[in-house]
**Student:** 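Let me give you the structure first, and then I'll get to my questions.
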Number of protein chains: 2
Amino acid sequence: MENKTARFEKLLVKNGLKRTGPRLQVLEILSGRDSATSQPYLEQVMGKNADRVTLYRVLQAFEEKGIIHKVLDQQGTANYAICSDGCSAHEHHDEHVHFNCDNCHKIYCLDTVKIPALKVPAGFKVEHLNLIATGLCASCSDKVN
Amino acid sequence: MENKTARFEKLLVKNGLKRTGPRLQVLEILSGRDSATSQPYLEQVMGKNADRVTLYRVLQAFEEKGIIHKVLDQQGTANYAICSDGCSAHEHHDEHVHFNCDNCHKIYCLDTVKIPALKVPAGFKVEHLNLIATGLCASCSDKVN
DNA sequence: ATATAAAAGCAATATAGTTGCATTTAAAAT
DNA sequence: ATTTTAAATGCAACTATATTGCTTTTATAT
Ligand SMILES: [Mn+2]
Ligand SMILES: [Mn+2]
Ligand SMILES: [Zn+2]
Ligand SMILES: [Zn+2]
């Protein structure tokens with residue numbers, strides 16, 4: 001396995017973004033998690049390593065470049081996950097289902113579950129679909145049993 | 001057609017809610033619109049007829065009783081629409097698709113479009129589905145042509 | 001080494017939503 | 001009709017998420 005930080009540095013360069021501390025740290029954090037990460041959580045773990053505003057701008061830049069994608073949870077707060085691949089500044093390909101666990105509140109990207117096509121009333125032109133499922137994640141429904 | 005206000009008053013009584021100005025006004029506003037209505041808009045048109053906090057509490061009470069349902073738009077702000085029917089304090093039946101127009105930003109309840117069932121990975125237990133489509137609504141795609 | 005555009009930091013502001021408590025009021029009881 | 005009371009409203013303070021403008025710092029190209 002190649003050095004992770006080196007990979008991130010390449011990713012930044014490829015997207016015309018400077019290699020900075022806050023950016024590397026955000027990539028580090030997001031890549032180490034199995035579910036989408038909320039802005040508040042990121043802010044907390046970054047602590048004084050970066051200003052709040054810097055964090056917001058890092059997230060915005062990453063989203064624009066197609067490095068991460070945003071998912072709003074049931075409360076409307078932003079959560080971020082690294083894009084699997086094929087996403088770019090010009091187009092995101094994250095039309096997978098997101099699963100919001102009622103118990104642990106994690107948001108999973110169900111990359112394998114595609115959103116089924118939809119029949120809408122005449123005149124409506126669908127551009128994107130955004131499906132959030134709620135319920136119990138695999139780990140939480142285990143514990144309940 | 002029976003008097004609208006009288007209908008609203010019955011609705012409040014049926015749900016054990018007192019017949020008050022702010023509540024009737026919210027029902028009046030919501031029923032007069034063809035799409036979901038945002039909290040900020042409601043706040044604005046209510047003006048000084050009710051305190052912000054009262055509005056929040058009215059909306060919360062209505063949602064709990066199954067009189068209205070909440071839809072978050074792409075920015076995560078709350079929008080409200082009157083439940084078609086069959087909703088109660090114990091269960092909502094609003095699993096229809098919501099359409100968020102990129103142009104006019106209206107949110108339409110597509111009551112006729114049911115959300116297709118979903119195959120999720122083993123272990124996950126789906127409780128609710130929340131599908132938001134974005135694009136152009138019928139009226140806006142007309143204007144563009 | 002120097003120049004420079006990009007990024008970060010800082011302060012102020014905006015907007016959505018919540019909480020606690022005092023006051024008012026709709027509706028029930030008398 | 002009055003009185004009673006639980007429910008609802010209003011007000012003030014507060015929290016959380018997000019944004020904007022401006023200054024300073026810094027990564028990178030020259
Ligand atoms: Mn995702
Ligand atoms: Mn609806
Ligand atoms: Zn869970
Ligand atoms: Zn429209």
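Throughout, a chain's letter reflects where its sequence line sits, starting with A, and its residues are numbered from 1. This structure is a prediction, so every number in the text was calculated from the model and none was measured.
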**Student:** Map B:Val13 and B:Gly76 onto DNA chain C by nearest heavy atom, then report which one ends up closer to the 5' terminus.
**Tutor:**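 With B:Val13 and B:Gly76 compared, the 5'-side residue is B:Gly76.
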**Student:** What is the nucleic acid contact for B:Ala61, judged by heavy atoms within less than 4.0 Å: base, sugar-phosphate only, or nothing?
**Tutor:**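 Here B:Ala61 touches no strand at all.
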**Student:** Between atom NZ in B:Lys70 and atom C1' in C:dA16, what is the gap in whole Å?
**Tutor:**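 Atom NZ in B:Lys70 sits about 11 Å away from atom C1' in C:dA16.
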**Student:** Mind jotting down which residue pairs meet the salt bridge (charged side-chain N to carboxylate O under 4.0 Å, His left out) criterion with at least one end in residues 95-120 of chain B? Sequence neighbours excluded, please.
**Tutor:**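 The answer is B:Asp34-B:Lys106.
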**Student:** Over how many whole Å does the gap from B:Asp51 atom CG to C:dC21 atom P extend?
**Tutor:**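 Rounding to the nearest Å, CG of B:Asp51 and P of C:dC21 are 17 Å apart.
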**Student:** Considering only Ile, Leu, Val, Met, Phe, Trp and Tyr, and joining two whenever side-chain heavy atoms are under 4.5 Å apart, list the other residues clustered with B:Ile107.
**Tutor:**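 Cluster partners of B:Ile107: B:Val71, B:Ile132.
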**Student:** Using distance only, find each side-chain donor-acceptor pair of residues 59-67 of chain B under 3.5 Å and give its atom names and separation, not counting sequence neighbours.
**Tutor:**
unit_1	atom_1	unit_2	atom_2	d
B:Gln60	NE2	B:Glu64	OE2	3.3
B:Lys65	NZ	B:Asn15	O	3.4

**Student:** Rounded to the nearest 0.5 Å, how far does CD of A:Glu9 lie from CZ of A:Arg23?
**Tutor:**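 Rounded to the nearest 0.5 Å, the CZ-CD separation comes out at 13.0 Å.
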**Student:** How many Å lie between NZ on A:Lys65 and C1' on C:dA7, as a whole number?
**Tutor:**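 About 13 Å, once rounded to whole Å.
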**Student:** Looking only at side chains, do A:Gln39 and A:Asn79 share a donor and an acceptor under 3.5 Å apart?
**Tutor:**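 Short answer, no.
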**Student:** Kindly compute the distance separating CG (A:Leu17) from CG (A:Leu11), expressed to the nearest 0.5 Å.
**Tutor:**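 If I round to the nearest 0.5 Å, the distance is 8.5 Å.
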**Student:** First and last nucleotide of DNA chain D touching chain B, 5' to 3', heavy-atom cut-off 4.0 Å?
**Tutor:**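 First and last nucleotides in contact are D:dA6 to D:dA12.
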**Student:** Show the nearest heavy-atom pair for residues A:Leu110 and A:Phe99, with the distance to one decimal.
**Tutor:**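 It is CD1-CB, 4.0 Å.
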**Student:** Looking at A:Cys140 and A:Asn103, what are the two nearest heavy atoms and their distance?
**Tutor:**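 So the minimum-distance heavy-atom pair works out to SG-OD1, 3.2 Å.
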**Student:** For the residue pair B:His96 and B:His69, categorise the inter-ring angle as parallel (less than 30°), tilted (30 to 60°) or perpendicular (more than 60°).
**Tutor:**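 It falls in the perpendicular class, over 60°.
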**Student:** With 3.5 Å as the limit, what N/O pairs link the protein to nucleotides 18-20 of chain C?
**Tutor:**
none

**Student:** Think A:Arg33 forms a cation-pi with A:Tyr41, using NZ or CZ under 6.0 Å from the six-ring centre and within 45 degrees of its axis?
**Tutor:**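 Yes, cation above the ring, under 6.0 Å and within 45°.
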**Student:** Looking only at heavy atoms, which two atoms of A:Ala122 and B:Ala138 are closest? And how far apart?
**Tutor:**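 It is O-CB, 3.9 Å.
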**Student:** What parts of residues 15-39 of chain A reach DNA chain D, counting only heavy atoms under 4.0 Å away?
**Tutor:**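 Here the set is A:Lys18, A:Arg19, A:Gln39.
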